[in-house]
Asks: 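Have a look at this one.
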Amino acid sequence: MSNDNLYIVTGDGEIREKFDSNTYYIRNKNQDEFVKMKVKAKKDFDEFNEDTGKFIWSYPERIQQLIKSNEFSKSDITMIFYLATFINGTGYLAYDNNIKLDKKGLQSKLEIGRTLFGKFLKKLIKYEILMPSGNYFKWNETCNFYGSTKGKAKPKTLVRTYVNQIRELYETKNEKGKRKYSAINLYPIFALVPYLHHSSNIVCKNPNVQDIEDIEYFNLKEIAELLDLRDSKRMVASLHSLVLDGQTTFIKVESKNEAYLKLNPRIFWRGTNVPDQNLVAEFDMIDNNRIKN
């Protein structure tokens, strides 16, 4: 028999059917179930991403470097994340219609004065986060990028950063037409991203650990220290007040006379599979109760 074909053979050695091995292959029942599970997992994740919207990729380690740097303020970190949501498929900062953003466009989007914008832009260029290209700007893809990860990084080393949600938090206005949240108010959301556990979005010390029972979460006092804040109770109240189009940003979870935080997976998600339904439902439950009250 040729090695190029697959055969169905009876107990008597009779060939019943022949198949081209370039087109067909054999797998056992367990393999078949595994393939079905992978297909379903991909379908579920695709649906989650479709519902949650466009995302860019961010490097948790790079975020930590920026935060630890003395060159960037808390407001700078927030504005960096906000600008990154305008990365297009070629790495330029652009409007949603793909028209590139120039200096005037960047300042208008950030909603800051000329002097502050000038200082901020110089920093971005000096530290090669932003690279001028004529009248426009390219974003350093070692910080964030949009599109395929192929040839750049493994998805498990990155965090999905959902564009519409980041913009909503930055741009939302109060009754007087002014921005509801300052850049400093929003800083904790971005500062805690490097500490998100990959499958639970718990703010923790060992975000890459596999099993949830092995997570070493940061308690509220430790989180306040991470954020350079003195009052953990005021911090929690401030984080709880950050509402994204009716959705809670952080939830506090009580455990053994301590508490830890989870971040909404519709804003940042580090996992390579769809967020657990129970995790998403936790945030939905709190949002539904807030509406009732």
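The figures here come from the full heavy-atom set of this structure, side chains too, leaving out hydrogens, waters and symmetry mates. Everything quoted here is computed from the prediction, not taken from an experiment.
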Asks: Between Leu261 and Leu239, is a side chain to side chain contact (heavy atoms under 4.5 Å, CB included) present by the stated rule, with each step listed?
Replies: CA-CA 10 Å; Leu261 297 179; Leu239 295 181; 3.6 Å; yes
Asks: Describe, in one word, how the ring planes of Trp57 and Phe55 are oriented to each other, choosing from parallel (under 30°), tilted (30 to 60°) and perpendicular (over 60°).
Replies: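 Ring orientation, 0 to 90° scale: perpendicular.
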Asks: Is there side-chain contact between Asn264 and Gln165, with heavy atoms separated by less than 4.5 Å?
Replies: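 Not in contact.
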Asks: What closest approach, in Å, do Cys143 and Ile129 show between heavy atoms, and which atom pair accounts for it?
Replies: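 Closest approach of Cys143 to Ile129, heavy atoms only: SG-CG1, 4.2 Å.
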Asks: Please enumerate all residues that pass side-chain hydrogen bond (donor to acceptor under 3.5 Å, both in side chains) together with Glu71, with sequence neighbours excluded.
Replies: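 For Glu71, the residues satisfying side-chain hydrogen bond (donor to acceptor under 3.5 Å, both in side chains) (neighbours in sequence not counted) are Tyr127.
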Asks: Tyr195 and side-chain contact (heavy atoms from CB on, under 4.5 Å): which partner among Ile63, Leu226, Leu263, Asn206?
Replies: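 Only match with Tyr195 under side-chain contact (heavy atoms from CB on, under 4.5 Å): Leu226.
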Asks: Does the side chain to side chain contact (heavy atoms under 4.5 Å, CB included) test come out yes or no for Ile202 and Tyr260, once each step is laid out?
Replies: CA-CA 7 Å; Ile202 292 172; Tyr260 59 88; 3.8 Å; yes
Asks: Please identify which of these residues, Leu83, Leu124, Leu106, meets the side-chain contact (heavy atoms from CB on, under 4.5 Å) condition with Phe137.
Replies: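 With Phe137 as partner, side-chain contact (heavy atoms from CB on, under 4.5 Å) holds for just one option, Leu106.
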Asks: Before giving the answer on side chain to side chain contact (heavy atoms under 4.5 Å, CB included), spell out for Phe120 and Ile80 the whole-Å C-alpha distance, their side-chain angles and the decisive distance to 0.1 Å.
Replies: CA-CA 9 Å; Phe120 179 59; Ile80 286 170; 3.9 Å; yes
Asks: Could you tell me whether a side-chain N or O of His198 sits under 3.5 Å from a main-chain N or O of Thr272, the two making a donor and an acceptor?
Replies: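 Answer holds: no.
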Asks: Shortest non-hydrogen contact from Phe283 to Thr248?
Replies: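 Looks like CD2-O, 3.6 Å.
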Asks: Using the salt bridge (charged side-chain N to carboxylate O under 4.0 Å, His left out) rule, collect all pairs that involve residues 257-271, keeping only residues at least two apart or in two chains.
Replies: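 Pairs touching residues 257-271 that pass the test: Lys262-Glu282, Arg266-Asp284.
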Asks: Would you say Leu130 and Asn140 make side-chain contact, with heavy atoms under 4.5 Å?
Replies: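 No; the side chains remain at least 4.5 Å from each other.
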Asks: Clusters formed by hydrophobic residues whose side-chain heavy atoms approach within less than 4.5 Å: which one holds Tyr136, and what are its other members?
Replies: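 Under the 4.5 Å side-chain rule, Tyr136 groups with Tyr92.
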Asks: Who pairs with Asn164 by side-chain hydrogen bond (donor to acceptor under 3.5 Å, both in side chains), at least two apart in sequence or on another chain?
Replies: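 Asn164 satisfies side-chain hydrogen bond (donor to acceptor under 3.5 Å, both in side chains) with no residue once adjacent residues are dropped.
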Asks: Does the side chain to side chain contact (heavy atoms under 4.5 Å, CB included) test come out yes or no for Thr249 and Val243, once each step is laid out?
Replies: CA-CA 6 Å; Thr249 305; Val243 178; 5.8 Å; no
Asks: If you link I, L, V, M, F, W and Y whenever their side-chain heavy atoms are under 4.5 Å apart, who else ends up in the same group as Ile184?
Replies: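 Its cluster partners, ordered by chain and number, are none at all.
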Asks: Can you tell me how far the OG atom of Ser238 sits from the OH atom of Tyr181, to the nearest 0.5 Å?
Replies: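 Going from OG on Ser238 over to OH on Tyr181, the span is 9.5 Å.
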Asks: Are Val159 and Phe218 in one and the same hydrophobic cluster, where Ile, Leu, Val, Met, Phe, Trp and Tyr link if side-chain heavy atoms are under 4.5 Å apart?
Replies: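 Hydrophobic grouping puts Val159 with Phe218.
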Asks: Could you measure the distance from the CG atom of Leu186 to the OG1 atom of Thr78? Nearest 0.5 Å is fine.
Replies: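 Rounded to the nearest 0.5 Å, the CG-OG1 separation comes to 5.5 Å.
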Asks: Contact between Pro275 and Trp269 at the side-chain level, heavy atoms closer than 4.5 Å - yes or no?
Replies: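 Counting from C-beta outward, Pro275 and Trp269 do come under 4.5 Å.
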Asks: So, His197 side chain and Val209 main chain: donor-acceptor pair closer than 3.5 Å or not?
Replies: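 Looks like yes, one N/O pair under 3.5 Å.
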Asks: Roughly how far, to the nearest 0.5 Å, is OG of Ser182 from NZ of Lys74?
Replies: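 Reported value, rounded in 0.5 Å steps: 11.0 Å.
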Asks: Please list all pairs meeting salt bridge (charged side-chain N to carboxylate O under 4.0 Å, His left out) that have one or both residues in residues 112-138, counting only residues at least two apart or in different chains.
Replies: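 Pairs touching residues 112-138 that pass the test: Asp76-Lys123.
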Asks: Can you tell me how far apart CD (Glu171) and CG (Leu110) are? Round to the nearest 0.5 Å.
Replies: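 Answer rounded to 0.5 Å: 10.0 Å.
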Asks: Hey, any chance Met235 and Leu192 share a hydrophobic cluster, counting ILVMFWY side chains that come within less than 4.5 Å of each other, even indirectly?
Replies: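 Same cluster.
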Asks: Would you please name every residue forming a side-chain hydrogen bond (donor to acceptor under 3.5 Å, both in side chains) with Ser69, sequence neighbours left out?
Replies: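 side-chain hydrogen bond (donor to acceptor under 3.5 Å, both in side chains) check on Ser69 returns nothing, list empty.
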Asks: Scan for side chain to side chain donor-acceptor pair (under 3.5 Å) pairs involving residues 149-163, sequence neighbours excluded, and state none if there are none.
Replies: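 Found Asn49-Tyr162, Ser58-Thr161.
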Asks: Looking at Leu158 and Pro60, what are the two nearest heavy atoms and their distance?
Replies: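 Smallest interatomic distance, heavy atoms only, reads CA-CD, 4.1 Å.
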Asks: Could you tell me whether Glu50 atom CD has more than 12 heavy atoms of other residues or ligands within 6.0 Å of it?
Replies: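 Counting other residues, nucleotides and ligands, CD of Glu50 stays at 12 neighbours or fewer.
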Asks: For residues Phe250 and Ile267, determine if any side-chain heavy atom of one lies less than 4.5 Å from a side-chain heavy atom of the other.
Replies: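 They are not in side-chain contact.
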Asks: So which heavy atom on Arg62 is nearest to which on Thr142, and how close?
Replies: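 Smallest heavy-atom distance, with atoms named: CG-O, 3.7 Å.
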Asks: Grab the two heavy atoms, one from Val193 and one from Ile189, that are nearest each other, plus how far apart they are.
Replies: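 It is CG2-O, 3.3 Å.
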Asks: Compute whether any side-chain donor of one residue and acceptor of the other, for Asn144 and Trp139, lie under 3.5 angstrom apart.
Replies: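 Yes.
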Asks: Around atom CG of Asn257, are there more than 12 heavy atoms from other residues, nucleotides or ligands closer than 6.0 Å?
Replies: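 Atom CG in Asn257 is not crowded, with 12 or fewer foreign heavy atoms closer than 6.0 Å.
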Asks: Should Ile77 and Ile125 be counted in the same cluster of Ile, Leu, Val, Met, Phe, Trp and Tyr side chains packed under 4.5 Å apart?
Replies: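 Yes, same cluster.
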Asks: Go through the structure and list residues passing ring pair (Phe, Tyr, Trp, His ring centres under 6.0 Å) with Phe81, not counting sequence neighbours.
Replies: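 For Phe81, the residues satisfying ring pair (Phe, Tyr, Trp, His ring centres under 6.0 Å) (neighbours in sequence not counted) are Phe190, Phe268.
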Asks: Which distance, rounded to the nearest 0.5 Å, do you find between the OG of Ser73 and the CD1 of Ile67?
Replies: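 CD1 of Ile67 is found 11.5 Å from OG of Ser73.
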Asks: For residues 93-113, pull every pair meeting salt bridge (charged side-chain N to carboxylate O under 4.0 Å, His left out), keeping only residues two or more places apart or in separate chains.
Replies: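 Sorted pair list: Asp96-Arg167, Glu111-Lys173.
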Asks: Would a distance-only check, ignoring hydrogens and angles, find a side-chain to backbone donor-acceptor pair under 3.5 Å from Thr85 to Val163?
Replies: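 Side chain of Thr85 to backbone of Val163, a donor-acceptor pair under 3.5 Å: no, none is there.
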Asks: Strictly by salt bridge (charged side-chain N to carboxylate O under 4.0 Å, His left out), give each pair with a member in residues 200-227 just once, sequence neighbours left out.
Replies: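 For residues 200-227: Lys205-Glu222.
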Asks: Give the minimum heavy-atom separation between Leu279 and Ser200, together with the two atoms involved.
Replies: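 Smallest heavy-atom distance, with atoms named: CD1-O, 3.5 Å.
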Asks: Test your reading of the model: is there a side-chain donor-acceptor pair from Thr172 to the backbone of Leu169, 3.5 Å cut-off?
Replies: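 Answer holds: no.
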Asks: Is there a path of hydrophobic side-chain contacts, each under 4.5 Å between heavy atoms, that joins Leu196 and Phe45?
Replies: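 Hydrophobic grouping puts Leu196 apart from Phe45.
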Asks: Cluster question for you: counting only ILVMFWY and a side-chain heavy-atom cut-off of under 4.5 Å, with indirect links fine, are Tyr187 and Val236 together?
Replies: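 In one cluster: yes.
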Asks: Distance from Leu101 atom CG to Ile87 atom CD1, nearest 0.5 Å?
Replies: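 Taking CG in Leu101 and CD1 in Ile87, the distance rounds to 11.5 Å.
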Asks: Tell me, please, which residues at least two apart from Tyr170 pass ring pair (Phe, Tyr, Trp, His ring centres under 6.0 Å).
Replies: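 Listed in chain order: Tyr82.
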